[in-house]
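Keep in mind that this is a model prediction, so the values were computed, not measured. Reminder, nothing fancy here: chain letters follow the sequence lines and each chain counts from 1.
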Amino acid sequence: MHWADVEAEKIDSKKPLIATGEAPSGPIHLGHIREVLTGEAISRASDGDLILIVDSFDPLRRSYPFLDDSYVDQIGKPLSEIPCICGEHDNYAEHFMEPFLESLDELGVDLKVKYAHEMYAKGDYEDATRRMIENRDKVAKIIEEETGRELDDDWFPYNPICSRCGEIGNTAVTGFDDPYVIYDCGCGYAGKADIRKAEGKLAWRGDWPARWWILGIDCEPFGKDHFASGGSWDTGKRIIKEILGSEPPHHVVYEWIQLKGEGPMSSSTGVAIKTEDMLKMVCPEVLRFLIMNSKPKTHIDFDPGLGILDLVDEYDHTEDIYFEGGDEDRSRTYELSQVEKVPEKKPQRIPYRHLVNLVQIYEDRDAIWDVALNTGQIQEDRKEDHERFEERADKVKFWLENHAPDMVKFSLKKELPPVDLDEDEKTFLESYLKSLEGCGWKGEDLHRLVHENADETGINKGKAFRSFYKILLGKDKGPRLGRFLSQLEEEFVKQRISEAVSS
RNA sequence: GGGCCUGUAGCUCAGCCAGGUGGAGCGAUCGGCUCUUAACCGAUUGGUCUGGGGUUCGAAUCCCCACAGGCCCGCCA
């Protein structure tokens, strides 16, 4: 059984509510998407509803490498209250959420978004906050027991936002006069915060169980960081039971996604690929496949270089298995990888690695498609397959320009590159040039002539092919020669050969 | 110090939850397509399942103990 179905079975609800969370303190990367897609897979498997809670009311902790110096002044303020970086969004949090939500839409993820700052503003947290404050000592004891740390005597489960300096958590709470939390701020201001409004928030350890309770969360996937002993899961599950009198959700812990050779993804270290960039280099169903194909607790080593080709090949292979009615789990993985529904007919496709060559040879997309039709690689000219092909070609292009290793890249040299041909090669090329007289400039003929001339002049065949790549691409290797040559202007090729021979 | 995960073919991993004669892909090797390869087809090759105990008629799978690696433990997915 697929892991999503296994988890779905464990949830004690017919129409479960599955929660995911994101903190928009920086660019949202591939690692974050695992949380949402893990939750989404379970919601599909359980026919549940998916929500995404945005920690937009959390303060900016520090200045990140991607922020300019002016943001130092914003440290300590809630993300929802900080100006947008580019100026085009309502606030800092929205700046990072917008592209992420767009990506989720492209990935076919159907969810409701809840912003923490709006929940606080609407008073959703009022009851939970009151209970936490009234049970301050019990909550503190749970945290101390689970973490083994000792909390300060003035620890308070609710952090007011200073109404003068706007900072959160820089306050010392001096009293509670329901519904007002009385505080002294480090900036010198003394005031009170209304727990029915967005004038402060629960500390994370209490905030998390509070939201389970408020929203009635049945299941939540979360990262391994929360699951460390004494972590927020350990305290959260006790707080919801002992303070709020309810059960914690079914939990699913997932592992980190690492960038091959560079360690775990993290916005602050810069080891990250933004979600929107991911979707420029692979199709959404392939990105989904990356997540669906690994159990949440397995860590994923993501290789944006050559690994992309393996990933797509594996996706395609899984597609074959699905349409052949093979292996149940892999078929399920394929279903869950789909952005929408599974295609009605098995998609016809050009092998991905081959496509990588084709987009470098042909400038014209239609030419590629026509060749694929002519060679029988694509048997029926279907609209949906053509669209998929166009999409893949776009992704391949982006990948070639941004992530592909040099070994797979080539480009036609407009001028004769510096070459050092020996006599064998020159003799061969000369002979080849002569044999081109009256040739129809067809791929297969051009290819046959390479073999014939190589045999006649006695040159090693590999060397014969290499000589073409050297004078055309400035490399030792390249795409299949005959078809490649046939795409080029006849005069251009002839000119290049004679130039090379006489150099 | 605590926690989670991983250790299976040269490489990447599946199989473990519900124990029943070890799998896939890639690679390599060989062959084919008068077509070089990074494309395609076919075949072959491949492993004391990290080690040691235990439970069992039977263990890659369950239990215990080691060893090695990765990550997490204010906030962070």
Original post:
With respect to the phosphate group of B:G15, does any side-chain polar atom (N or O) of A:Lys295 fall under 4.0 Å of OP1 or OP2?
Top reply: yes

**OP:** For A:Arg34, report the nucleic acid contact type (base, sugar-phosphate, nothing); a contact means any heavy atom under 4.0 Å.
**Re:** nothing

**OP:** Could you measure between the two P atoms, the one in B:G51 and the one in B:A59, and give it in whole Å?
**Re:** 15 Å

Original post:
Do the ring centers of A:Tyr352 and A:Tyr315 come within less than 6.0 Å of each other?
Top reply: no

**OP:** Would you mind pulling out the nucleotide paired to B:C30, Watson-Crick or G-U wobble, both distances under 3.5 Å?
**Re:** B:G42

Original post:
Just checking A:Arg466: base, sugar-phosphate only, or nothing, at a heavy-atom cut-off of under 4.0 Å?
Top reply: nothing

Subject >> Interatomic distance at C1', B:C71 relative to B:C11, whole Å >> reply: 22 Å

Original post:
Say you pick atom P in B:A14 and the same atom in B:G46; how far apart are they, in whole Å?
Top reply: 24 Å

Original post:
Within the structure shown, what part of the strands sits under 4.0 Å from A:Tyr254 by heavy-atom distance: base, sugar-phosphate, or nothing?
Top reply: base

Original post:
Roughly how far apart, to the nearest Å, are B:C62 and B:C17 at atom C1'?
Top reply: 11 Å

**OP:** Please measure how far the C1' atom in B:G7 lies from the corresponding atom in B:C49, and state the result in whole Å.
**Re:** 10 Å

Subject >> Residue A:His32, side-chain heavy atoms: nucleotide from B:G25, B:A77, B:G70 that is nearest >> reply: B:A77

**OP:** Please measure how far the C1' atom in B:U8 lies from the corresponding atom in B:A39, and state the result in whole Å.
**Re:** 31 Å

Original post:
Does any nucleotide pair with B:U48 by Watson-Crick or G-U wobble geometry, both distances under 3.5 Å, and what is it?
Top reply: none

Subject >> G-U wobble or Watson-Crick pairing nucleotide for B:C13 (cut-off 3.5 Å, both distances) >> reply: B:G23

Subject >> Test of ring centre spacing under 6.0 Å for A:Tyr92 and A:Phe96 >> reply: yes

Subject >> Watson-Crick/G-U partner (both atom distances under 3.5 Å) of B:U36 >> reply: none

Original post:
What integer distance in Å separates A:His299:NE2 from B:A77:C1'?
Top reply: 15 Å

Original post:
Looking across every strand, which nucleic acid part, if any, lies under 4.0 Å from A:Glu22 by heavy atom: base, sugar-phosphate, or nothing?
Top reply: sugar-phosphate

Original post:
Would you say the ring centroid of A:Tyr71 lies under 6.0 angstrom from that of A:Tyr64?
Top reply: no

Original post:
When you compare B:A68 with B:G52, how far apart are their C1' atoms, in angstrom units rounded to a whole number?
Top reply: 15 Å

Original post:
Is A:Lys224 near enough to B:C71 that one of its side-chain N or O atoms lies under 4.0 angstrom from OP1 or OP2?
Top reply: no

Subject >> Rounded interatomic separation in angstrom, taking CH2 from A:Trp256 and P from B:G69 >> reply: 22 Å

Subject >> Distance, P atom - from B:U6 to B:C16, rounded to whole angstrom >> reply: 13 Å

**OP:** Any chance you could measure A:His250, atom NE2, to A:Ile217, atom CD1, to the nearest 0.5 Å?
**Re:** 14.0 Å

Original post:
Which part of the nucleic acid does A:Gly31 contact within heavy-atom distance under 4.0 Å: base, sugar-phosphate only, or nothing?
Top reply: base

**OP:** Decide if the gap between the ring center of A:His251 and the ring center of A:Trp212 is smaller than 6.0 angstrom.
**Re:** no

Subject >> Ring centres under 6.0 angstrom apart (A:Tyr158, A:Phe156) >> reply: no

**OP:** Return the value, rounded to whole Å, for the distance between atom CD of A:Glu314 and atom P of B:A24.
**Re:** 14 Å

